[in-house]
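For reference, the structure is listed below as structure tokens.
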2 protein chains.
Amino acid sequence: MATSTVENYLKHVLLLSESGETLVSMGALALALDVVPGTVTTMVKALADEGLVEHQPRHGVRLTPDGRRVALSVLRKHRLVETFLVNVLKMDWSKVHEEAEQLEHVISDEVLDRLDALLGHPDTDPHGDPIPTRQGKLKSQVYATLATCVAERPLRIVRILEQSEDFLRYAEQNGLLPGAALQVTDRNLMAGLVTLKTDAAGSIALSLAAAGRILVEASKAS
Amino acid sequence: MATSTVENYLKHVLLLSESGETLVSMGALALALDVVPGTVTTMVKALADEGLVEHQPRHGVRLTPDGRRVALSVLRKHRLVETFLVNVLKMDWSKVHEEAEQLEHVISDEVLDRLDALLGHPDTDPHGDPIPTRQGKLKSQVYATLATCVAERPLRIVRILEQSEDFLRYAEQNGLLPGAALQVTDRNLMAGLVTLKTDAAGSIALSLAAAGRILVEASKAS
DNA sequence: AGATTCTTTTTGACTCCTCAAAATACCCGG
DNA sequence: CCGGGTATTTTGAGGAGTCAAAAAGAATCT
Ligand SMILES: [Mn+2]
Ligand SMILES: [Mn+2]
Ligand SMILES: [Mn+2]
Ligand SMILES: [Mn+2]
């Protein structure tokens with residue numbers, strides 16, 4: 001019943017509130033959805049009328065329980081589809097986001113369940129993003145990033161917070177995939193540079209900004 | 001670039017002209033698309049302006065080469081998706097048409113190619129409908145139907161010309177699937193009844209209308 | 001032919017989503 | 001406390017697709 005547009009608005013409210021304030025600004029939404037701010041204001045008012053969001057004029061917007069339900073369902077579809085495209089169809093992980101952006105709106109619950117089963121009920125997608133459960137639980141753990149973690153310790157990548165094709169392609173070429181083992185060998189805050197050593201591809205330098213997009217955890221006993 | 005709506009219009013013009021006149025009436029299109037005839041007239045004029053169809057006012061509409069290209073591409077997506085849903089996800093063949101109706105508009109060419117490969121480049125979908133090739137060739141062979149074929153001869157079902165859920169579910173329950181072997185044991189034109197004997201499910205009676213939807217060919221040497 | 005019926009086209013209106021540009025409210029430094 | 005700058009909201013308009021109802025055209029029957 002919710003149109004693709006509505007689903008996209010709700011999904012992005014969820015995404016933006018996951019990674020930041022509980023109140024999402026019109027500007028941030030406009031940027032994420034690639035529309036002008038006036039459009040967002042208008043749509044948000046409509047969504048509020050339908051009880052999908054709570055709008056605090058001039059301050060921001062927040063999902064209602066109903067809106068959150070929809071958003072989580074769309075996000076689940078998005079991430080399961082991405083997983084399918086990479087794991088089954090062997091598509092490049094840098095390209096699946098775009099595809100999933102469309103498919104998330106036309107996958108029925110039945111197809112979703114079967115995909116989920118086919119994939120073995122994964123709990124993260126190819127980028128390490130957690131997949132909401134059927135029941136609407138979203139495990140969003142807090143991890144260190146390559147910009148903030150302790151240096152000189154064995155780490156494993158758990159998630160890449162980025163969906164731009166270029167970044168992902170670059171990351172893949174340098175072995176920076178979820179599951180990869182590496183450690184930070186140097187961090188120069190003045191230069192804004194982080195140097196890593198991966199098991200697979202040797203030594204790499206990243207900007208702090210880029211490093212901040214890569215989530216890691218301490219490597220458990222090998 | 002073509003919207004889902006445009007794609008649906010073009011696909012149905014193709015479908016309707018496959019199975020009948022070369023000129024498709026507004027009324028037939030309205031029925032197929034589940035909109036009111038005035039809407040079709042309006043849309044058809046717009047499509048004609050874009051060079052996708054040729055409109056002969058008061059008589060009907062026909063695809064241009066451009067329109068046919070689009071229609072075939074949508075149809076290829078539709079039928080490959082149906083095949084995927086049945087063969088890989090093991091969905092009920094009576095339900096896949098509805099799903100494909102949406103998915104056909106959001107499958108990229110890249111995903112399509114990979115699906116095609118995964119499925120082993122099938123040339124018909126689960127209902128026996130021919131899948132247009134990548135190059136846009138659509139093999140549409142003329143077959144006899146259970147209402148018109150010779151009786152008392154071994155036959156094999158090649159195609160079911162029907163996508164209604166109820167009909168397909170019923171057909172499946174009686175073993176009337178593409179590939180099934182059977183023969184016509186009696187045909188009573190007065191009563192409008194055809195009686196069959198299938199290898200799998202024994203003796204069944206069908207209305208002439210229903211029998212006309214089931215395409216068959218003479219069974220080759222067993 | 002004349003009247004009746006069916007199909008197609010036209011007209012006017014509506015929903016959904018969007019933008020450009022103007023108006024408004026808010027925040028922050030001086 | 002005032003002036004600018006920034007974010008948000010409002011306003012007016014337009015594209016895409018649809019319907020209801022009226023008008024027009026064709027075909028069919030008597
Ligand atoms: Mn989307
Ligand atoms: Mn992802
Ligand atoms: Mn469709
Ligand atoms: Mn089919």
Side-chain angles (χ1 to χ4, degrees), chain A residues 1-13 15-17 19-63 66-67 70-71 74 101-102 104-106, chain B residues 1-13 16-17 20-63 66-67 70-71 74 101-102 104-106:
Chain A
M1 3 234 87
T3 66
S4 301
T5 305
V6 167
E7 290 188 344
N8 279 333
Y9 273 79
L10 296 175
K11 188 187 69 173
H12 278 110
V13 173
L15 252 20
L16 289 169
S17 57
S19 68
E21 302 311 307
T22 105
L23 224 34
V24 176
S25 75
M26 300 297 112
L29 261 180
L31 217 63
L33 290 160
D34 198 30
V35 294
V36 305
T39 302
V40 174
T41 301
T42 308
M43 270 301 292
V44 160
K45 268 197 297 185
L47 296 179
D49 285 350
E50 306 213 7
L52 294 169
V53 302
E54 183 189 331
H55 183 202
Q56 316 217 308
R58 232 100 219 182
H59 286 90
V61 70
R62 176 199 340 260
L63 293 174
D66 271 9
V70 176
V74 176
E101 204 55 52
Q102 304 306 314
E104 64 189 359
H105 309 294
V106 298
Chain B
M1 5 235 83
T3 64
S4 301
T5 305
V6 168
E7 290 187 346
N8 279 333
Y9 273 80
L10 296 175
K11 187 186 69 173
H12 279 109
V13 173
L16 289 170
S17 57
E21 302 310 305
T22 107
L23 224 33
V24 177
S25 75
M26 300 298 112
L29 262 181
L31 217 62
L33 290 160
D34 197 30
V35 293
V36 79
T39 301
V40 173
T41 302
T42 308
M43 269 301 293
V44 160
K45 268 198 298 187
L47 295 178
D49 285 348
E50 305 212 6
L52 294 168
V53 303
E54 184 189 331
H55 182 202
Q56 317 217 309
R58 231 101 221 176
H59 287 89
V61 70
R62 176 197 342 257
L63 292 174
D66 270 10
V70 175
V74 176
E101 204 54 53
Q102 303 307 312
E104 64 188 357
H105 309 294
V106 298

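Bear in mind the structure is a predicted one, so any value in this text is a computation, not a measurement. Values below: all heavy atoms of this structure, side chains included; hydrogens, waters and symmetry mates excluded. Residue numbers begin at 1 in each chain, while the letters A, B, ... track the order of the sequences.
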Would you indicate whether the side-chain heavy atoms of Asn8(A) and Glu101(A) approach each other to under 4.5 Å?
yes
Phosphate-side-chain proximity, Thr41(A) and dT10(D), N/O vs OP1/OP2 below 4.0 Å
no
Could you pick out which residue, Arg58(A) or Ser4(A), lies toward the 5' side of DNA chain C when each is mapped onto its nearest nucleotide?
Ser4(A)
Which nucleotide in the set dT9(D), dA20(D), dG25(D) lies at the smallest distance from any side-chain heavy atom of Pro37(A)?
dT9(D)
Heavy-atom check, side chain of Met26(A) versus side chain of His55(A), under 4.5 Å
yes
Please determine which of Leu52(A), Val35(A), Val70(A) meets the side-chain contact (heavy atoms from CB on, under 4.5 Å) test together with Tyr9(A).
Val35(A)
Please state how far atom CG in Leu47(B) lies from atom P in dG17(D), giving the value in whole angstrom units.
8 Å
Nucleotide range of DNA chain C contacted by chain A, 5' to 3', under 4.0 Å to a heavy atom?
dC17(C) to dC26(C)
Judged by modelled atom types alone, do Ser17(A) and Arg62(A) share a side-chain donor-acceptor pair under 3.5 Å?
no
Nearest-nucleotide 5' precedence on DNA chain C, Gly38(A) against Thr5(A)
Thr5(A)
Which pairs count as salt bridge (charged side-chain N to carboxylate O under 4.0 Å, His left out) when at least one residue sits in residues 34-49 of chain A, sequence neighbours excluded?
none
Distance check needed: dA16(D) C1' versus Glu7(B) CD, whole Å only.
15 Å
Evaluate the side-chain proximity of His105(A) to Gln102(B): yes if any heavy-atom separation is below 4.5 Å, no if none is.
no
Take the protein atom NZ of Lys45(B) and the nucleotide atom P of dA16(D), then report the distance between them rounded to whole Å.
15 Å
Taking dT9(D), dG17(D), dT10(D) as options, the one with an atom nearest any side-chain atom of His55(A) is dT9(D)
Between dG17(D), dT9(D), dT10(D), which nucleotide gets closest to the side-chain atoms of Met26(A)?
dT9(D)
On the nucleotide dG17(D), are OP1 or OP2 found under 4.0 Å from the side-chain N or O atoms that Thr39(B) carries?
no
Atom-pair distance (NE2 on His105(B); C1' on dG17(D)), nearest Å
14 Å
Considering only heavy atoms from C-beta outward, does the side chain of His12(B) approach that of Leu29(B) to under 4.5 Å?
yes
Measure the shortest side-chain to side-chain distance between Leu10(A) and Val74(A) over non-hydrogen atoms and say whether it is less than 4.5 angstrom.
no
Over its full length, what angle do the end axes of the helix from dA1(C)-dT30(D) to dG30(C)-dC1(D) make, each axis taken from five pairs and the result rounded to 10 degrees?
10°
Go through the side-chain N and O atoms of Gln56(B) and Glu54(B) and say whether any donor and acceptor fall under 3.5 Å apart.
yes
